[in-house]
Amino acid sequence: MRTLHWFRSDLRLQDNPALTLACQQGAVLPVFIIDTDEPPESAVGAASRAWLDRSLRALNASLGGGLLVERGRASELLPMLCQRYQIDAVTWNRCYEPYAIARDTQLKQTLKSLGCVVSSCSGSLLYEPWVAVKKDGTAYRVFTPFYKHCQANLTRRSTTALDPAGQDWITPESATDIEALGLRPSPEWDQGLLEHWVPGEAGAEARLSEFLASGLTDYRVGRDYPAERSVSRLSPHLHHGEISPHQILKRLQAFPTDDNHEHFVRELVWREFAYHLLYHFPELPHRNLQSKFDHFPWTDDAERLAAWQQGRTGYPVVDAGMRELWQTGSMHNRVRMIVASFLVKNLRLHWQHGLRWFWDCLVDADLASNSASWQWCAGSGADAAPYFRIFNPITQGQRFDPKGEYTKRFLPELAAMPSKYLFEPWNAPAAVLHEAGVILGENYPQPIVDVKASREAALEAFAEMKRRAAL
Ligand SMILES: Cc1cc2nc3c(=O)[nH]c(=O)nc-3n(C[C@H](O)[C@H](O)[C@H](O)COP(=O)(O)OP(=O)(O)OC[C@H]3O[C@@H](n4cnc5c(N)ncnc54)[C@H](O)[C@@H]3O)c2cc1C
């Protein structure tokens, strides 16, 4: 049998159930397609494109240079490739974005009508998003019961292994040309981003090993401190499928099931929950899950949005986060929550602005996790932080970056500011600013909003929303 394996969010050889199945069936043609039919909301953002470029190169190398890459409409390219390479069967691991579900359902029918056997497998999630449902058959909207249900009731598949050297790969007619996919939006920028990462299966494996050796032991507490190296930084690898959550859990088995272990598993299940929400509420990326938020009086201020995007708000922990994002393609989770709260509450700009900016700048940009997290931060989501709980960017900085190491790493202009004033430089005496070489409004901005007044305005807007929704 000749099988085409369609790589999508599963850019790995190990624990790849659909690829393993293809290899068991006989000769395999490995294919990757940039699907130009994808709607903008799920078409890969700029930072992820840079990642994808490197990841595909790594995958191609592990396949001995035999990855067939194409750009175009997947719905036309796949049937065409099946005919050209006399393919009998097609395999893929399932994707769960609403567009991908619709496309794959249609493609399955088309390929079957051409005489191909089509098999889809579960490759990127611990649990299929439709299996964890409440007793009444409806979807979970709250994380903790979802988590408990998964832990108590669901079994996970075992991992699979593959020896690429022992497989019968079908060689593409032309040499692999990843450059021709045009994935790198700005070579200078993505060069900078990728200095912080090693995309690809080997990079993911190395990242996991490093985390297990030095991060896991302090995960529960350390995960909230952005200057610490306690988090795994596995999210872009997971998003691109360079490692599966099953592989991570398997490696975790060698470690004691203490609080750190449990917290880490819990975070992995947050990712599952995001996919569960996206599957059951496909409008998650566009619409407030709580419809009362349709009445929220958002502001519309392009200058403030640009200041937020560029890390010029005058609030050091917010600016450090936004610059971390621009420079590294990522941002620590604690800081993601702080900058998101600042955008939707202190600036009262719609969460969609934040979602879109993150989508373009994150190397782990993920439709499910990004949408669910923005709705969580905005208060409009299923299981959301209440809108009236507003992060104070000054105290958050003082609490979670007490020595200012993280903030100063991304704001070198504040390197000499004493910790006492680091998160509120406008309150520093003139002599302290002078000594630190900080000139507010010149080499570091004045705050673009007053944190207290904007908090009150946000609470008033929330009350206004409730009044409007009740009409
Ligand atoms: C506004 C906002 C936007 C976000 N956008 C994304 C996104 O586009 N893609 C993305 O992968 N994560 C997103 N997150 C969730 C979270 O910030 C990242 O998953 C986490 O920072 C990744 O770092 P890590 O791999 O070191 O995580 P760790 O703490 O090591 O956690 C391990 C893994 O668990 C998963 N995970 C952890 N926290 C969450 C969470 N809150 N929601 C879903 N999965 C989680 C990730 O896959 C992560 O790699 C967002 C969070 C916020 C507040």
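All values below come from the heavy atoms of this structure, side chains included, with hydrogens, waters and symmetry mates left out. All ligand and atom numbering here is 1-based and tracks the order in the structure.
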(message) Main chain of Y219, side chain of N260: is a donor-acceptor contact present, judged purely on distance under 3.5 Å?
(response)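 The answer is yes, because a donor-acceptor pair under 3.5 Å joins these two groups.
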State whether [X] and [Y] are salt-bridged, where the test is any N-O pair (Lys NZ or Arg NE/NH1/NH2 against Asp/Glu carboxylate O) under 4.0 Å.
X: E267; Y: R223; value: yes
X: E179; Y: R57; value: yes
X: E242; Y: R54; value: no

(request) Quick one: closest heavy-atom pair of L67 and L59, and the distance? (result)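 Closest approach of L67 to L59: CD2-CD2, 4.0 Å.
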(request) Answer yes or no: does atom CZ of R467 have more than 12 heavy-atom neighbours from other residues, nucleotides or ligands under 6.0 Å? (result)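 Atom CZ in R467 is crowded, with more than 12 foreign heavy atoms closer than 6.0 Å.
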Between ligand 1 and the protein, find all N/O pairs closer than 3.5 Å and give the distance for each.
unit_1: ligand 1; atom_1: 5 (N); unit_2: N370; atom_2: OD1; d: 3.1
unit_1: ligand 1; atom_1: 8 (O); unit_2: D366; atom_2: N; d: 3.1
unit_1: ligand 1; atom_1: 9 (N); unit_2: D364; atom_2: O; d: 2.8
unit_1: ligand 1; atom_1: 9 (N); unit_2: D364; atom_2: OD1; d: 3.4
unit_1: ligand 1; atom_1: 14 (N); unit_2: R336; atom_2: NH1; d: 3.4
unit_1: ligand 1; atom_1: 17 (O); unit_2: N333; atom_2: OD1; d: 2.7
unit_1: ligand 1; atom_1: 17 (O); unit_2: R336; atom_2: NE; d: 3.4
unit_1: ligand 1; atom_1: 25 (O); unit_2: S232; atom_2: OG; d: 3.4
unit_1: ligand 1; atom_1: 25 (O); unit_2: R233; atom_2: N; d: 3.4
unit_1: ligand 1; atom_1: 25 (O); unit_2: L234; atom_2: N; d: 3.0
unit_1: ligand 1; atom_1: 25 (O); unit_2: S235; atom_2: N; d: 3.0
unit_1: ligand 1; atom_1: 26 (O); unit_2: S232; atom_2: N; d: 3.4
unit_1: ligand 1; atom_1: 26 (O); unit_2: R233; atom_2: N; d: 2.6
unit_1: ligand 1; atom_1: 29 (O); unit_2: Y219; atom_2: OH; d: 2.5
unit_1: ligand 1; atom_1: 30 (O); unit_2: S232; atom_2: N; d: 2.8
unit_1: ligand 1; atom_1: 30 (O); unit_2: S232; atom_2: OG; d: 2.6
unit_1: ligand 1; atom_1: 34 (O); unit_2: E267; atom_2: O; d: 3.3
unit_1: ligand 1; atom_1: 36 (N); unit_2: E267; atom_2: O; d: 3.4
unit_1: ligand 1; atom_1: 38 (N); unit_2: E267; atom_2: OE1; d: 3.1
unit_1: ligand 1; atom_1: 44 (N); unit_2: R271; atom_2: N; d: 3.4
unit_1: ligand 1; atom_1: 49 (O); unit_2: S235; atom_2: N; d: 3.1

